[in-house]
Amino acid sequence: MKVLSLLLALATTSTPSHAEFRQFEGVIEAASNYVHYSEGYVVTPGYVDISNLVFEAADGGKRAKIFAKDWTDDGGDGAEVEVWDDDGEDDGGERLLEDAALGSTFVDIVLFHEPSECANTRFGCDWTELGVGASDGVGNLRWCCSDDAVALGLCNGGPKQEGRLIVDPDKFQGQHKFLPVPPSGVWSRNVKFGRFDLKEGEGTSGKYVLVVTNCNDLMGRNLTVTGQYTWKSVHGYLPGNLFGEMYFFVGVFVCYLILFAWYGLRMKIHRDAQIPIQKWVLATIGVGLLEVFFKAGDLWVWNEDGERFWFSLYTGVVVGVAKRAISRCLVVMLSLGWGVTCDTLGDKFKRVVVLGLIYAGTSAARDVMTVMAITENEILTQNEETELLDVVTILTFITAFIDVTFYLWIFDSLNATMQYLESMNQSMKLKRYLRLRLILLISVVFALLWSMFGIVDSFNDQRMVNEEENGWMLSAVWEINYLMVLIGLSCLWQPEAGSKEYAYVMELSSNVWRRVGV
């Protein structure tokens, strides 16, 4: 639907990312068949700090019981991965976070960098090649050194490695820390020395993965983890791959501000020659200005404070919806000939506004729910998040249907208006609509080419656009295309002396003008 949106001179809404102060509240079961992980993008020097996470025994202080745990392989790789947070100094050694009691099991915590050579590929990095977990090359993958992993020959560290995360010291270039858990008794601990410092160096900036495991499913204890952990880059708390987006929105804001000031000044100078469609153009520019202001402000506050300011976030989303709705209505009204072939649209104006309001309502509900599902994932249950995304899917289809309606209406009206102007020998007005059609066609061609590029790139094993580092550029291109179309429309319908006469008179073949419509 991006192509259709650009035909209507619209911009898409970018997908929000997770804040760099991240909340974790959940259970880490003693299990060897899955791990918990969190991803983040860090521009070094920076750090990841888990010192405020609190690990607590979930068994009420009872001694862990030895039990047998069946391993179901059913032809798969035998390993699961659980995402810890929906969101990405190489000492290569282990660091004990506190003194271990006799018979303790361990929570392993590792942080490692995914090289861009594999992070920017279609399937991502193979962690076993980075020293985390092990595979026998025929489909058997294990994260932990369990009994069956030993039988498969995937961990050779002896008794000390049993019940622990498999870390290959010859491959692993990250940082490894571990927290001993006593076999019984009430137990609760903060993670001491939980800061992972990331030093500056060539190739050190990029995607990082934080993995936490509670591997001993024979004697381990189920744990609850609560608290906040931090990802920070050299420039602040904003994810490193979004820092460029903040400057992009600042630049777009300046462009909107200049366009708004220019158009508003011309409307003031030629106030006696204003026509209603020019007010709609100015309103569209103004709403676009507000949208990028709040988006840039949201990223700036996020970078300074580490948390998203909900007012800026949701206001930017709602204002963006208003911009898209007004843009659709504006292009339909221009295609119907308002301000060129007629001074009023009659009942058609009401139909345009009603359709725009319906679009605004469904699109706003869809975008707000999408943001909630992503940014509020810590407080939503899995079922609530699934139900929310199901509603988003339904609203997406409704919005797409309205988009198609706008699309058909625009081109049907544009063709009818151009045929009317040609039949009435209105060469000057026809020239304006030919330019409008050219602007839309250039936008469409660009949209098609960029969409084809995106499809091809998504199927490449090695991505042409590094989405981990420059993924924001994919949505930024649509914003630029929208802005170019809006600038073109503003120039075609700019306030000038004689605008009212131009709109309300007909051109005669003898270059005489006759007043009509009033």
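The first residue of the sequence shown is numbered 1, and numbering continues consecutively from there.
Trp127 and Glu114 share a donor-acceptor pair across their side chains, judged by distance under 3.5 Å alone. Side-chain contact of Tyr229 with Ser51: a donor-acceptor pair under 3.5 Å is absent, judged by distance alone. Donor-acceptor pairing under 3.5 Å is recorded for the side chains of Ser205 and Thr44.
Between Phe249 and Phe253, the distance from one ring center to the other does not fall under 6.0 angstrom. Outside the 6.0 Å centre-distance limit, the rings of His235 and Tyr237 are not counted as a close aromatic pair. Phe349 and Trp338 have their aromatic ring centers within a separation under 6.0 angstrom. Ring centroid separation for the pair Phe411 and Tyr407 comes in under the 6.0 Å cut-off.
A donor-acceptor pair is defined here as one N or O able to donate and one able to accept, closer than 3.5 Å; such a pair exists between the side chain of Thr417 and the backbone of Ser335. Within the 3.5 Å criterion, the main-chain N or O of Cys491 finds a donor-acceptor partner in the side chain of Gln494. At distances below 3.5 Å, at least one donor-acceptor pair connects side-chain atoms of Tyr433 with backbone N or O atoms of Leu334. The closest donor-acceptor contact from the side chain of Glu29 to the backbone of Leu223 lies at 3.5 Å or more, if one exists at all.
Residues Arg195 and Asp197 form a side-chain contact, since some pair of their non-hydrogen atoms from C-beta on lies under 4.5 Å apart. In this structure the side chain of Arg432 reaches within 4.5 angstrom of the side chain of Trp493, judged on heavy atoms. Val368 has its side chain within reach of Val317: a pair of non-hydrogen atoms, C-beta onward, lies under 4.5 Å apart. Residues Pro115 and Leu130 are in side-chain contact: their nearest non-hydrogen atoms beyond the backbone lie under 4.5 Å apart. Using a 4.5 Å heavy-atom cutoff, the side chains of Pro495 and Gln278 are in contact. Using a 4.5 Å heavy-atom threshold, the side chains of Leu53 and Asn190 count as separate. In this structure, Trp450 and Trp478 have side chains that are in contact, with non-hydrogen atoms separated by less than 4.5 Å. Side chains of Glu200 and Val234 form no contact here, defined as non-hydrogen atoms less than 4.5 Å apart.
Shown here for Gly206 and His113, the closest heavy-atom pair between the two residues is CA-NE2, 3.9 Å. The heavy-atom pair separating Lys199 from Thr204 by the smallest distance is O-OG1, 3.4 Å. Taking both residues in full, the closest heavy atoms of Pro239 and Trp302 are given as CD-CZ2, 3.5 Å, listed atom of the first, atom of the second, then distance. Closest heavy-atom contact between Leu336 and Ser413: CD2-OG, 3.1 Å. For the residue pair Gln228 and Asn52, the shortest heavy atom distance occurs at O-CB, 3.3 Å. Between Ser38 and Arg22 the shortest heavy-atom distance is OG-NH1, 2.7 Å.
A salt bridge links Arg324 to Asp367: one of the charged nitrogens lies within less than 4.0 Å of a carboxylate oxygen. Residues Glu479 and Lys323 are paired through a salt bridge, judged by an N-O separation under 4.0 Å between the basic side chain and the carboxylate.
Distance check, rounded to the nearest 0.5 Å: CG of Asp403 to CZ of Arg328 gives 4.0 Å. Of the inter-residue distances, the one linking Phe294 atom CZ with Leu313 atom CG reads 11.5 Å to the nearest 0.5 angstrom. To the nearest 0.5 Å, the span separating CZ on Phe446 from CG on Asn481 amounts to 5.0 Å. To the nearest 0.5 Å, atom CG of residue Leu345 and atom CZ of residue Arg351 are 10.0 Å apart. Of the inter-residue distances, the one linking Leu265 atom CG with Phe260 atom CZ reads 11.5 Å to the nearest 0.5 angstrom. Atom CG in Asp298 sits 9.0 Å away from atom CG in Leu238 (nearest 0.5 Å).
Residues passing the side-chain contact (heavy atoms from CB on, under 4.5 Å) test with Glu304, sequence neighbours excluded: Trp300. In this structure, Tyr263 has no ring pair (Phe, Tyr, Trp, His ring centres under 6.0 Å) partners at least two apart in sequence or on a different chain. Partners of Tyr47 by ring pair (Phe, Tyr, Trp, His ring centres under 6.0 Å), not counting sequence neighbours: none found.
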| Under the side chain to side chain contact (heavy atoms under 4.5 Å, CB included) criterion, do Ile109 and Val211 qualify, and how do the steps go? | CA-CA 6 Å; Ile109 305 170; Val211 177; over 6 Å; no
| request: Go through Tyr256 and Phe293 one step at a time and tell me if the side chain to side chain contact (heavy atoms under 4.5 Å, CB included) criterion holds. | output: CA-CA 10 Å; Tyr256 269 105; Phe293 171 78; over 6 Å; no
| Verdict with supporting geometry, Met369 and Leu395, side chain to side chain contact (heavy atoms under 4.5 Å, CB included) | CA-CA 10 Å; Met369 288 182 181; Leu395 292 174; 4.1 Å; yes
| said: Could you walk me through whether Lys232 and Asp49 satisfy the salt bridge (Lys or Arg N to Asp or Glu O under 4.0 Å) test, starting with their C-alpha distance in whole Å, then the side-chain angles of each, then the deciding distance to 0.1 Å, before giving a yes or no? | reply: CA-CA 9 Å; Lys232 188 173 184 180; Asp49 192 355; over 6 Å; no
| query | Under the side chain to side chain contact (heavy atoms under 4.5 Å, CB included) criterion, do Phe248 and Ile480 qualify, and how do the steps go? | reply | CA-CA 10 Å; Phe248 168 76; Ile480 293 174; 3.8 Å; yes
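Between Tyr359 and Phe406, the two ring planes are perpendicular [angle over 60°; tilted spans 30° to 60°].
Other residues, nucleotides and ligands place more than 12 heavy atoms under 6.0 Å from the CZ atom of Arg266.
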